[in-house]
Amino acid sequence: MNKLILLISLIILSVTSATAQIPPVFNQQDSLRIRKSKLSQLYISPKRIVWTSDPSGRKVKNANSLINPGVGQADLNRGDFLMLANRGVETEQGLIIDFGREIQGGIEIVTTISNSSPAGRIRISLGESVSETMSEVGVDGATNDHAIRDFVITIPRLGRTVVGESGFRFVHINLVDPNTRIQIKEVNAVMSYRDIPYKGSFTCSDDRLNEIWMTGAYTVHLNMQNYLWDGIKRDRLVWVGDMHPEVMTINSVFGYNEVVPKSLDFVRNGTPLPKWMNNISSYSLWWILIQRDWYYYQGNLEYLKEQEDYLVGLLKQLTHNVDENGVEQMEAERFLDWPSSENKQAIHAGLQSLMLMSFKAGQQLCKALGNTEIEKLCAEYAAKLKQHVPEMADSKQAAALLAISGLVSPSKANREILSQDGVHKMSTFYGYYMLIARAMAGDYQGAIDNIREYWGGMLDLGATTFWEDFDIDWMKNAARIDELVPEGKIDVHKTYGGYCYKQFRHSFCHGWASGPTAWLTTYVLGVNVVEPGCKTIRISPHLGDLQWVKGSFPTPYGDLYIKHHKTANGEVKTTYKKPKGIKVIIDKQ
């Protein structure tokens with residue numbers, strides 16, 4: 001975390017307030033046409049030049065001048081700035097810039113007085129990997145879907161231009177027109193983000209786990225735009241199922257943030273019953289589960305009351321999707337995650353589990369609401385669903401949900417499925433639930449090892465945010481995503497991926513992959529919310545092979561600070577500092 005704070009402190013050139021007042025020249029009627037944003041901006045100078053088309057420096061000159069921190073303002077001075085020159089009929093002289101880590105936003109370009117008017121046309125290709133910046137739209141999965149990340153613009157002789165809106169780390173800039181020369185003073189990234197504190201923290205004796213925790217937190221932070229997105233390059237949409245790991249990460253890192261209820265309500269309002277959220281039946285189930293978890297972590301009963309009519313209607317609707325034998329009959333689209341999408345038995349097992357989990361959650365929420373009629377209805381259907389126990393279908397997704405729901409014992413699920421084949425058959429989305437199920441089985445060390453290998457594998461390939469999907473086999477002979485692909489190495493971004501994320505279409509910043517952040521806070525730091533609003537928290541640490549762990553956890557009453565360390569005999573000693581208003585119970589490891 002300290003490295004990230006240091007990096008941001010060095011690269012901040014300007015921060016735009018997201019809470020500015022509306023200028024008084026706008027009247028009350030005008031205000032109806034104005035939409036404020038909670039987002040701020042950072043202007044970030046490049047960290048390094050990855051590549052230029054002309055190593056001799058004659059056609060791409062002074063590239064390293066871009067690394068100097070800029071001010072975002074054109075002036076009348078001449079200097080040794082970046083110069084791109086196409087001579088004769090040749091085109092496409094350019095360079096690739098690295099901003100050091102993935103961001104959401106656009107590009108600021110400042111030109112100089114030494115240009116023609118206009119300066120000329122340049123092609124800008126934003127990429128989550130170096131190789132993506134060198135791709136062609138429509139080839140190898142490269143796309144402009146949802147965000148235009150590859151485009152040509154005309155830049156002025158002497159001025160400032162801000163363009164683009166996507167998720168990226170690397171930028172490829174090419175001079176387009178023949179027999180043209182341009183000079184550029186600055187190229188900065190314009191990062192759009194919520195200026196909010198990281199109230200939660202996690203540090204332990206293993207730096208790899210520390211980096212994984214922070215990477216998951218940062219992945220979700222980037223997706224906390226005006227709404228809570230799934231990805232910042234693609235899809236940039238509010239997918240309710242994807243939101244569950246994101247919301248658990250927000251609970252662990254940021255505490256309350258309005259982006260969660262705003263996004264939940266956005267999907268609710270756009271999904272009148274009997275429709276399914278995002279046209280996926282299981283995603284309506286995830287809405288119920290998120291509402292339960294949000295209530296338990298934040299304790300906002302008034303917000304929960306606003307959901308009652310829809311919640312009750314949805315729960316009643318779900319009763320029509322259970323047959324007389326307690327077997328789920330959920331409608332299409334029947335979906336868990338993409339890697340399990342061709343295993344119909346696994347999908348059935350997962351939906352049976354999610355239905356049971358949703359009725360249990362509905363029972364808890366209706367009790368809080370004082371709705372005894374629907375509370376009893378939920379208890380009735382939970383009992384009914386328990387009568388049917390599907391097979392685990394050789395699926396880690398199915399095994400995890402069956403264990404979490406209680407349909408299968410966690411020890412059986414872990415022994416027969418989850419602990420087999422290492423991190424093979426894991427997925428970035430449902431990997432979170434696989435980790436939870438392993439913890440429920442008492443296999444905390446196995447889960448910690450999975451986190452190190454699976455999520456750590458993305459870091460080993462140069463990731464600064466976690467990906468939409470990942471397979472450990474992609475590590476074999478793979479090039480890093482932050483370098484030109486060496487001869488004989490495999491280009492991971494260009495080569496792999498399936499379903500909706502083939503090749504360069506693959507999102508390298510996807511919030512559903514943040515599960516280890518929430519998991520490490522819950523099971524290693526040991527923060528378990530017992531009563532709604534964090535009124536009672538049980539601290540139950542499981543350090544595995546770690547020697548110590550410390551961190552903080554945001555509650556509605558303030559931040560809880562915790563430290564654990566192992567003594568010489570292996571006993572875990574715990575100290576904590578709690579805010580007023582909460583009760584803490586300590587479990588021994």
Test item: [X] and [Y] side chains (from C-beta on) under 4.5 Å apart, heavy atoms:
{"X": "Trp287", "Y": "Arg268", "result": "yes"}
{"X": "Tyr557", "Y": "Lys535", "result": "yes"}
{"X": "Glu258", "Y": "Arg194", "result": "yes"}

Next item on the list: Test Met357 against Leu285 for side chain to side chain contact (heavy atoms under 4.5 Å, CB included), laying out the working first.
Entry: CA-CA 9 Å; Met357 292 160 63; Leu285 303 179; over 6 Å; no

Looking at [Y], is its backbone amide N or carbonyl O close enough to the side chain of [X] to form a donor-acceptor pair, meaning the two atoms are under 3.5 Å apart?
{"X": "Gln291", "Y": "Ala361", "value": "no"}
{"X": "Asp230", "Y": "Arg236", "value": "yes"}
{"X": "Gln420", "Y": "Arg415", "value": "yes"}
{"X": "Ser395", "Y": "Met392", "value": "no"}
{"X": "Trp455", "Y": "Ala513", "value": "yes"}
{"X": "Asn278", "Y": "Ile280", "value": "no"}
{"X": "Arg234", "Y": "Arg505", "value": "yes"}
{"X": "Arg149", "Y": "Thr143", "value": "yes"}

Please verify the inter-ring angle class for [X] with [Y]; under 30° counts as parallel, over 60° as perpendicular, anything in between as tilted.
{"X": "Tyr198", "Y": "Phe254", "result": "perpendicular"}
{"X": "Phe99", "Y": "Phe168", "result": "perpendicular"}
{"X": "Trp474", "Y": "Tyr496", "result": "parallel"}
{"X": "Phe508", "Y": "His493", "result": "parallel"}
{"X": "Phe429", "Y": "Trp512", "result": "parallel"}
{"X": "Trp239", "Y": "Tyr283", "result": "perpendicular"}
{"X": "Tyr256", "Y": "Trp294", "result": "tilted"}

Notebook entry, point to check: Of all heavy-atom pairs between Leu407 and Ser353, which one has the smallest distance, and what is that distance?
Noted result: CD1-OG, 3.9 Å

Item checked: Ser252 to Met248 - nearest heavy-atom pair and separation -> OG-O, 2.9 Å

Side chains of [Y] and [X]: any donor to acceptor distance under 3.5 Å?
{"X": "Ser131", "Y": "Asp491", "result": "yes"}
{"X": "Glu468", "Y": "Ser507", "result": "no"}
{"X": "Ser427", "Y": "Asp337", "result": "yes"}
{"X": "Trp213", "Y": "Ser201", "result": "no"}
{"X": "Gln445", "Y": "Asp545", "result": "yes"}
{"X": "Asn251", "Y": "Gln298", "result": "yes"}

Notebook entry, point to check: side chain to side chain contact (heavy atoms under 4.5 Å, CB included) between Met434 and Gln397: does it pass, once the steps are laid out?
Noted result: CA-CA 7 Å; Met434 298 169 198; Gln397 290 88 336; 3.8 Å; yes

[X], [atom1]: over 12 other non-hydrogen atoms inside 6.0 angstrom:
{"X": "Lys262", "atom1": "NZ", "answer": "yes"}
{"X": "Gln364", "atom1": "CD", "answer": "yes"}
{"X": "Lys494", "atom1": "NZ", "answer": "no"}

Next item on the list: Sequence neighbours left out, what passes side chain to side chain donor-acceptor pair (under 3.5 Å) with Thr133? Give chain and number order.
Entry: none

Margin query: Asp206: which residues meet the salt bridge (Lys or Arg N to Asp or Glu O under 4.0 Å) condition with it, sequence neighbours left out?
Written below: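 Asp206 satisfies salt bridge (Lys or Arg N to Asp or Glu O under 4.0 Å) with Arg452 only.
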
Notebook entry, point to check: How would you list, by chain and number, every residue that makes a salt bridge (Lys or Arg N to Asp or Glu O under 4.0 Å) with Asp443, sequence neighbours excluded?
Noted result: Arg438

Check: Can Lys47 and Asp98 be counted as an ion pair, charged N to O under 4.0 angstrom?
Finding: no

Item checked: Ionic contact status for Lys233 with Glu132, cut-off 4.0 Å ->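 So Glu132 pairs with Lys233 through a salt bridge.
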
Check: Looking at Leu222, Ile103, Thr219, which hits side chain to side chain contact (heavy atoms under 4.5 Å, CB included) with Ile232?
Finding: Leu222

Next item on the list: Can you spot which of Thr428, Thr517, Val220, Thr215 makes a side chain to side chain contact (heavy atoms under 4.5 Å, CB included) with Phe466?
Entry: Thr215

Check: Should Trp338 and His510 be marked as a ring pair (Phe, Tyr, Trp, His ring centres under 6.0 Å) after you check the CA-CA gap, both sets of side-chain angles, and the distance that decides it?
Finding: CA-CA 14 Å; Trp338 285 112; His510 229 68; over 10 Å; no

